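Working notes, structure below.
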There are 2 protein chains.
Amino acid sequence: MSKNEKLKIVPLGGLGEVGKNMTAYEYGGDILIVDAGIMFPQNDMLGVDYIIPDFEYLLDKVSRVRGLVITHGHEDHIGAVRHVLEQIPVPVFGTPLTLGLIEGKLARNGFTDKADLRTLQAGEKVQIGKFSIETFHICHSIPDSIGLGITTGAGLVVHMSDFKFDQTPVDNWPTDYAKLAEFSQRGVDLLLSDSTNSERPGWTPSERVIGPAFDKVMAEAEGRVIVATFASLISRVQQVADSAVKANRKLAFAGTSMVENAKIARNLGYLVVPDATLVPIDQALKMDDSKVVIMCTGSQGEPSSIIGRLSTGSNRQFDVQAGDTIVLSSHPIPGNEEVISRAINRLLRFGAKVIYDAIAPVHVSGHAAQEEMKLLFNLVRPKHFLPIHGELRQLTHHAWLAEQMGILPENIVVVENGQVVELSGGKLKLGERIPGGYVFVDGESIGDIDHDVMKEREQLARNGIVIVDMSVDKVTGRLKHEPEIITRGFLTPDAAERLIPEIRKRVMKVVNTSGLETEKDISAAVKSYLYDQTKRRPMVFVTLSKG
Amino acid sequence: MSKNEKLKIVPLGGLGEVGKNMTAYEYGGDILIVDAGIMFPQNDMLGVDYIIPDFEYLLDKVSRVRGLVITHGHEDHIGAVRHVLEQIPVPVFGTPLTLGLIEGKLARNGFTDKADLRTLQAGEKVQIGKFSIETFHICHSIPDSIGLGITTGAGLVVHMSDFKFDQTPVDNWPTDYAKLAEFSQRGVDLLLSDSTNSERPGWTPSERVIGPAFDKVMAEAEGRVIVATFASLISRVQQVADSAVKANRKLAFAGTSMVENAKIARNLGYLVVPDATLVPIDQALKMDDSKVVIMCTGSQGEPSSIIGRLSTGSNRQFDVQAGDTIVLSSHPIPGNEEVISRAINRLLRFGAKVIYDAIAPVHVSGHAAQEEMKLLFNLVRPKHFLPIHGELRQLTHHAWLAEQMGILPENIVVVENGQVVELSGGKLKLGERIPGGYVFVDGESIGDIDHDVMKEREQLARNGIVIVDMSVDKVTGRLKHEPEIITRGFLTPDAAERLIPEIRKRVMKVVNTSGLETEKDISAAVKSYLYDQTKRRPMVFVTLSKG
């Protein structure tokens with residue numbers, strides 16, 4: 001091949017994290033999508049359930065999209081599959097575990113029939129439109145993850161999604177180094193790779209190192225052990241199961257997503273737990289506390305998760321009790337620190353022992369640290385480099401590492417979502433700019449709220465609201481009765497009570513001197529009085545009925 | 001002394017952090033307050049400026065309060081002095097730098113005349129009412145910090161506020177180990193001590209280790225160096241100044257609090273910068289970029305700080321430019337991670353180089369880690385232990401460390417704010433429970449917003465509001481005109497437009513079938529329709545005028 005044809009790389013999804021949840025490749029008229037995940041809202045995204053990539057760019061090109069390849073089964077890579085398929089009905093390719101988890105998710109949303117899921121084994125090759133794809137196994141905190149070698153007329157691109165170089169993975173299946181080396185022999189024109197931990201020196205410890213920590217917890221706990229992690233962290237579930245077997249405790253899963261994911265992974269052979277160890281949760285709750293391990297969600301302290309509800313005493317099936325040992329087996333996602341800390345404090349107040357990654361090695365990252373990134377550069381020896389999966393700070397740092405590893409600065413491109421990159425004629429350059437943001441999902445509606453709505457919510461929340469409701473006599477132009485004042489989120493009832501009579505007076509004064517068409521004047525008078533009294537600016541609404 | 005009289009310890013202030021911002025001691029009818037600081041609001045405390053301790057407990061005992069002792073000059077220990085003095089006019093005791101910083105703050109609020117500030121030198125003894133207080137120097141990230149030995153008829157209490165055992169502090173003034181050892185000889189009945197870093201193993205590095213990192217930054221930077229830290233981190237200011245001198249750069253301070261604190265510290269001799277190195281900011285901005293260091297606030301990414309404004313291109317005096325090296329010399333306060341990350345990304349987008357503690361040693365903690373805590377137990381050998389300055393998780397861990405160090409479990413008490421602890425007859429036990437919360441300060445008003453108001457704000461923010469405004473004819477009972485619908489923070493205008501005609505129809509149907517007294521029915525109909533359409537629950541307000 002001449003390598004003169006143009007490959008477009010379109011990083012589409014992620015909340016500041018480039019290409020994290022979705023990347024599209026465009027070549028010779030065909031389009032390939034890699035991953036379709038969701039992100040969780042940041043603290044100031046008020047009332048948002050979750051976020052999906054803005055893939056509007058693809059919507060007038062639907063007929064050219066040939067397939068969606070999913071690299072692994074975590075939410076931030078599979079969570080938006082349904083939303084994509086609703087608008088872009090294409091085959092979905094993935095390994096058995098990944099597709100199993102997707103199928104489970106789709107089924108919960110009544111979507112299974114419409115999805116064309118095509119199983120790939122790691123190491124398999126597949127032609128999707130004009131893209132020749134070679135998959136290869138990589139280690140991550142979920143089994144059956146893959147990276148992609150994508151060959152087109154523009155050359156060979158290696159797409160490394162979330163990965164770590166775990167030499168002793170829980171499933172004994174190390175990364176396919178041979179394939180990476182083979183790519184290197186062939187000549188890699190472009191590497192895209194996970195930047196999550198580019199600020200972290202050294203090597204990320206193997207998933208296996210946390211086994212002994214769990215063994216210790218289970219041996220020392222006198223009561224129940226309750227372990228919280230993400231429902232899709234199948235490797236972690238395996239380790240907890242292994243420790244439970246050693247400690248001669250029974251294992252129960254609590255919560256729909258945990259129960260279902262474990263079932264899927266077990267059915268497919270990715271999670272190995274003896275039948276004798278597994279018990280249903282209601283049975284576990286009746287057993288001797290010292291013989292029980294419960295796995296559930298909520299390691300991020302989410303209020304609606306089992307740990308969240310346990311911490312506030314509002315869980316339906318069971319409560320925390322003194323003597324319980326609760327393990328939060330995850331690292332706080334930036335922004336969640338406060339919520340997690342509050343959950344820990346509340347659980348301690350119930351008399352539970354709480355173990356988390358700050359005080360015991362009950363979690364390791366699933367992402368490569370700097371030394372692994374360097375090894376990847378040496379294994380793949382790419383000509384060009386495009387850091388993905390990170391915010392600008394992590395990408396910048398990853399780019400700097402690439403330079404240290406001998407990649408020419410002019411061959412490294414750092415972009416943000418929506419900035420198209422082109423590989424053509426053996427050169428990497430910037431292409432067009434397209435909408436590359438994200439879409440808020442709130443309730444049933446997708447995209448019905450935007451940053452302006454978010455700003456209004458922030459305004460509402462910052463100082464609350466004051467509603468002034470009046471009726472004016474059409475004939476006399478006078479108020480029919482005293483204005484009614486409603487406040488929410490502004491002041492305590494006591495404090496509001498002090499101000500309301502004076503608000504009424506001010507309103508009446510404006511009406512009586514300026515007459516009818518005075519919504520604006522009334523609002524201004526109320527705002528100025530309230531600011532003067534409280535140095536705060538609630539949103540003021542005046543409703544004026546004339547009759 | 002018999003040690004049979006009762007000493008009450010009343011941990012009052014802190015946002016989950018016990019006694020962090022204020023602790024009161026009560027003995028023989030006299031009351032001593034230690035520290036009076038503020039806390040910054042958490043992410044879900046919408047619209048709150050800052051938080052002060054709830055010291056209502058003291059308000060009916062004002063005549064018995066003998067003094068306020070401040071351990072050091074950080075905001076979380078001095079920020080509420082003004083609020084305390086407004087209600088409890090007592091002498092304030094502190095070291096020269098601490099009082100200098102307090103004086104500056106009070107002056108900015110027009111409060112100086114009313115304050116009775118009494119200077120103590122570290123090591124000095126002072127009798128405050130029935131409390132015999134021996135102060136002693138401790139290291140922290142601000143010079144002139146003190147700990148307190150408090151002797152009453154109940155025995156000797158050692159109160160360690162924020163501290164670290166820095167063997168090579170920037171001001172060459174190590175902790176007064178001799179005094180701690182002397183206390184130990186005498187017999188310490190109770191130790192209260194800083195739990196902030198109780199989850200961190202090892203030793204906290206000396207403040208001095210960051211000097212070389214700053215030297216490197218200044219040597220390598222081709223343009224301006226802009227260093228952000230807290231305005232009260234005087235030791236950090238000293239180190240940046242020292243590096244500036246070595247790098248032959250001029251140093252300018254930007255921002256009121258930074259300029260004023262540096263001036264106060266310099267006047268009192270706690271900050272040593274040659275006259276030739278200091279230049280005013282407007283002069284620095286005209287100089288060769290490679291010859292300039294600017295120190296400012298905003299290391300936590302606060303939107304209103306200089307770094308916050310630089311990151312959004314809204315700073316008045318100067319802008320970020322390509323070639324600038326920006327150093328964020330602090331560690332993210334839990335909850336601020338998102339905001340800081342966004343600021344870093346934005347600064348990178350301007351072409352600046354950004355250095356922060358994740359990628360270079362430009363910050364160390366000011367608080368003791370586990371090995372230092374252990375050393376303190378060995379130095380002081382207290383009989384009883386009350387961990388302070390931490391949330392329940394840190395206190396619990398500190399208590400566990402104390403047990404490891406041989407303090408009897410029954411002699412350790414872990415409490416939260418508002419739980420009085422009593423030392424009497426050589427025993428430590430729980431006393432009464434008093435209000436020990438905190439008070440929100442928002443604009444001019446203190447305590448006019450509470451958790452209920454906060455909940456309303458959250459409700460407003462979660463899904464926005466819908467106001468339905470109607471006029472009904474008194475005689476016919478019919479609507480005079482179509483209802484007006486106002487929404488904020490609910491949907492984009494486009495999406496709302498789709499729903500509004502149907503909302504109107506539903507409202508009219510209710511009015512026409514159920515008649516006048518129907519605010520509740522209307523609200524219910526609108527809510528149910530909106531939930532059905534959007535799966536969201538905005539707050540709905542119906543204003544109904546009859547005439």
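Keep in mind that this is a model prediction, so the values were computed, not measured. Labels below follow one simple rule: chain letters A, B, ... track the order of the sequence lines, proteins then strands, and each chain is numbered from 1. Quick note: numbers below take in every heavy atom, side chains included, and nothing from hydrogens, waters or symmetry partners.
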> Looking at B/G335, B/A496, B/G464, which makes the most heavy-atom pairs under 4.5 Å with chain A?
Replying inline: B/G335
>> Out of B/G47, B/P201, B/A461, B/P332, return the one with the most heavy atom pairs under 4.5 angstrom to chain A.
In response: B/A461
> Which bit of B/M45 is near chain A, if near means a heavy-atom gap under 4.5 Å: side chain, backbone, both or neither?
Replying inline: neither
>> Looking at chain A, which one of B/R537, B/E458, B/R342 has the largest number of heavy-atom pairs inside 4.5 Å, strictly under?
In response: B/R342
>> Between A/E337 (side chain only) and B/P334 (backbone N and O only), is there a donor and an acceptor less than 3.5 Å apart?
In response: no
> Cation-pi between B/R393 and A/Y356: NZ/CZ under 6.0 Å from ring centre and within 45° of the ring axis?
Replying inline: yes
>> Between A/H397 and B/I359, is there a side-chain heavy-atom distance shorter than 4.5 Å?
In response: yes
> Given the options B/E456, B/R536, B/R346, which has more heavy-atom pairs under 4.5 Å with chain A than any of the others?
Replying inline: B/R536
> Of the backbone (N, CA, C, O) and the side chain (C-beta and beyond), which part of B/T543 lies under 4.5 Å from a heavy atom of chain A, both, or neither?
Replying inline: both
> Checking heavy atoms, do the side chain of A/S341, its backbone, both or neither come under 4.5 Å from chain B?
Replying inline: both
>> Taking side chain as everything from C-beta outward and backbone as N, CA, C, O, which of these in B/L491 sits under 4.5 Å from a heavy atom of chain A? Side chain, backbone, both or neither.
In response: both
> At what distance, to the nearest 0.5 angstrom, does CG of B/D469 lie from CE of A/M470?
Replying inline: 9.5 Å
>> If I measure from the heavy atoms of chain A, does B/L395 come under 4.5 Å with its side chain, its backbone, both, or neither?
In response: neither
> Should the pair A/R488 and B/F541 be classed as cation-pi, given the thresholds of under 6.0 Å to the six-membered ring centre and 45° from the axis?
Replying inline: no
>> Please check: side-chain N/O of A/E338 versus main-chain N/O of B/N43, any donor-acceptor pairing under 3.5 Å?
In response: yes
> B/V453, B/I449, B/D448: which one forms the most heavy-atom pairs within less than 4.5 Å of chain A?
Replying inline: B/D448
> Hey, are B/R349 and A/E416 close enough for a salt bridge, meaning a charged N less than 4.0 Å from a carboxylate O?
Replying inline: yes
> Do you know which of A/L46, A/V414, A/N345 has the most heavy-atom pairs with chain B at a distance under 4.5 angstrom?
Replying inline: A/N345
>> If you count heavy-atom pairs within less than 4.5 Å of chain A, which of B/T534, B/I344, B/L347 leads?
In response: B/T534
>> Counting neighbours of NZ on B/K455 that are heavy atoms of other residues, nucleotides or ligands and sit closer than 6.0 Å, is the number greater than 12?
In response: no
>> With a 4.5 angstrom heavy-atom cut-off, is it the side chain or the backbone of A/M454 that approaches chain B, or both, or neither?
In response: neither
> Top residue by heavy-atom pair count (under 4.5 Å) with chain B, among A/D452, A/V354, A/I465?
Replying inline: A/I465
> chain B heavy atoms under 4.5 Å from A/T492: which part of the residue, side chain, backbone, both or neither?
Replying inline: both
> Is B/R457 close to A/N463 at the side-chain level, that is, under 4.5 Å between some pair of heavy atoms?
Replying inline: yes
